[in-house]
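Before any comments, here is the structure.
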Amino acid sequence: MTVQIQEATAQRGDESSAAPGHGTAADGLGWGRHYAMVRPDHFRVAYRINPYMDLTRQPDPDLAVQQWTGLVAVIEAAGGRVEVVAQRQDSPDMVYAMNLGLALEAGTRRVAMSHMRYAERRRETRSATRWFQRAGFQVSTPGRDGVGAHFEAGDAFPYAGRLVIGYGPRTEELALKHLATDFEVDVQGVRITHPGMYHLDLAFCPLDKRRAMVCPSAFDEASAEALLALVPEPILLSEEDALTFCANSVVLGRTIVMPACPPRVRDELEAAGFTVVLIDVSEFHKGGGSVRCLTNPLDIMIGRHLDRVVGGRVSIPV
Ligand code: ARG
């Protein structure tokens with residue numbers, strides 16, 4: 001398994017079909033071609049831990065499976081690979097695979113499991129831990145069973161050599177130290193203040209080496225500034241834009257798979273050489289997640305997409 005991933009990564013490169021002057025082969029993210037996803041066999045809204053969840057608006061189970069299968073097909077058509085994790089019957093939110101853990105490869109495959117803020121989601125981690133172990137990952141956790149720092153992996157993405165981690169609604173600041181030290185990476189913390197953008201992946205979407213979608217109003221002022229300082233050419237999202245879930249997208253080379261895309265954002269993405277592929281995942285919006293939340297990238301490498309820093313480092317904007 002490890003060998004396969006390394007080969008895939010080595011051969012993959014950052015191929016691009018963009019015209020000259022747009023994104024080029026060398027400037028892509030370099031990750032985002034290999035995902036774990038959880039088949040929605042037991043998806044429903046069983047409790048309310050974010051403002052989208054409403055027990056009187058249940059997803060249609062057949063339509064959810066259909067939309068999820070469609071997303072897998074779109075990712076595969078864009079050159080991605082998907083590994084499927086079975087859903088626990090007692091864990092309706094497990095479909096949001098992004099939150100299971102943060103997988104990072106550094107010679108060996110490692111994963112920092114999430115330590116969910118809400119007890120309702122903590123059983124997911126037990127099954128996900130076994131899945132990652134069977135797949136050859138060395139597993140660690142910043143806390144578990146409610147003891148220790150909370151960390152939810154939808155709050156963490158590599159950008160500009162750093163591991164950007166959103167904290168506040170879900171992840172706790174203390175988790176940033178654990179992750180920086182354990183993985184020996186440079187962590188840029190950003191404090192999320194918007195109640196509707198409880199994970200970083202609702203307000204920040206890395207696009208390529210120069211670009212990312214950023215919704216500044218999700219963060220406190222110093223954090224928005226620190227995040228924007230990492231992105232030479234940000235595509236700015238208003239609060240209204242971000243609440244369409246448009247930042248909750250996945251990027252495969254120059255293809256961006258999105259649940260929604262406001263016209264101005266689409267113009268900017270296309271001007272930057274991206275092909276926008278829209279996919280309807282409406283049933284999953286009822287639980288407060290979209291395309292990015294349904295996927296968990298398995299091909300992020302320390303030393304390639306994240307700088308290695310001996311002992312680790314954390315920056316928190318003040
Ligand atoms: N109902 C889930 C929760 O509140 C939604 C998770 C969305 N996932 C994400 N990566 N943003 O935890």
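As the structure lists them, so they are numbered: ligands from 1, and atoms in each ligand from 1.
- None of Phe43, Trp68, Phe245, Tyr52 except one satisfies the ring pair (Phe, Tyr, Trp, His ring centres under 6.0 Å) rule with Phe284; the exception is Phe43.
- Looking at Tyr96 next to ligand 1, no N or O pair under 3.5 Å apart turns up.
- Contacts between Met53 and ligand 1, counted as non-hydrogen atom pairs separated by less than 4.0 Å, involve the side chain only.
- Between Leu202 and Gly196, the shortest heavy-atom distance links the atoms CD1-O, 3.8 Å.
- Taking distance alone, with nitrogen or oxygen atoms compared against 3.5 Å, Asn248 stays at or beyond that limit from ligand 1.
- The pair Asp220-Arg191 counts as a salt bridge, with a side-chain nitrogen and a carboxylate oxygen less than 4.0 angstrom apart.
- Under the 4.0 Å criterion applied to side-chain N and carboxylate O atoms, Arg264 and Asp241 are assigned as salt-bridge partners.
- Residue-level proximity to ligand 1 for Arg292 is absent, since no heavy atom of it falls below 4.0 angstrom.
- Heavy-atom proximity to atom 12 (O) of ligand 1, evaluated over Glu120, Arg121, Met197, Met94, is greatest for Arg121.
- Remark: ligand 1 atoms within the under-4.0 Å shell around heavy atoms of Asp201 are 9 (C), 10 (N), 11 (N).
- Among protein heavy atoms, atom 5 (C) of ligand 1 sits closest to Gly287 O, 3.4 Å.
- The neighbour count for Arg44 CZ, taken as heavy atoms of other residues, nucleotides or ligands under 6.0 Å away, is above 12.
- Here CZ of Arg123 is found 11.0 Å from CG of Asp93. Values are rounded to the nearest 0.5 Å.
- The protein heavy-atom contact nearest to atom 9 (C) of ligand 1 is Cys293 SG, 2.6 Å.
- Closest heavy-atom contact between Met116 and His150: O-ND1, 3.2 Å.
- Taking every non-hydrogen atom of Gly288 and a distance limit under 4.0 Å, the qualifying atoms of ligand 1 come out as 5 (C), 7 (C).
- Counting heavy-atom neighbours within 6.0 Å of Gln133 CD, excluding the residue itself, gives a total above 12.
- Between Glu152 and ligand 1, not a single N/O pair is under 3.5 Å apart.
- Here the protein heavy atom with the shortest distance to atom 2 (C) of ligand 1 is Asp93 OD2, 3.4 Å.
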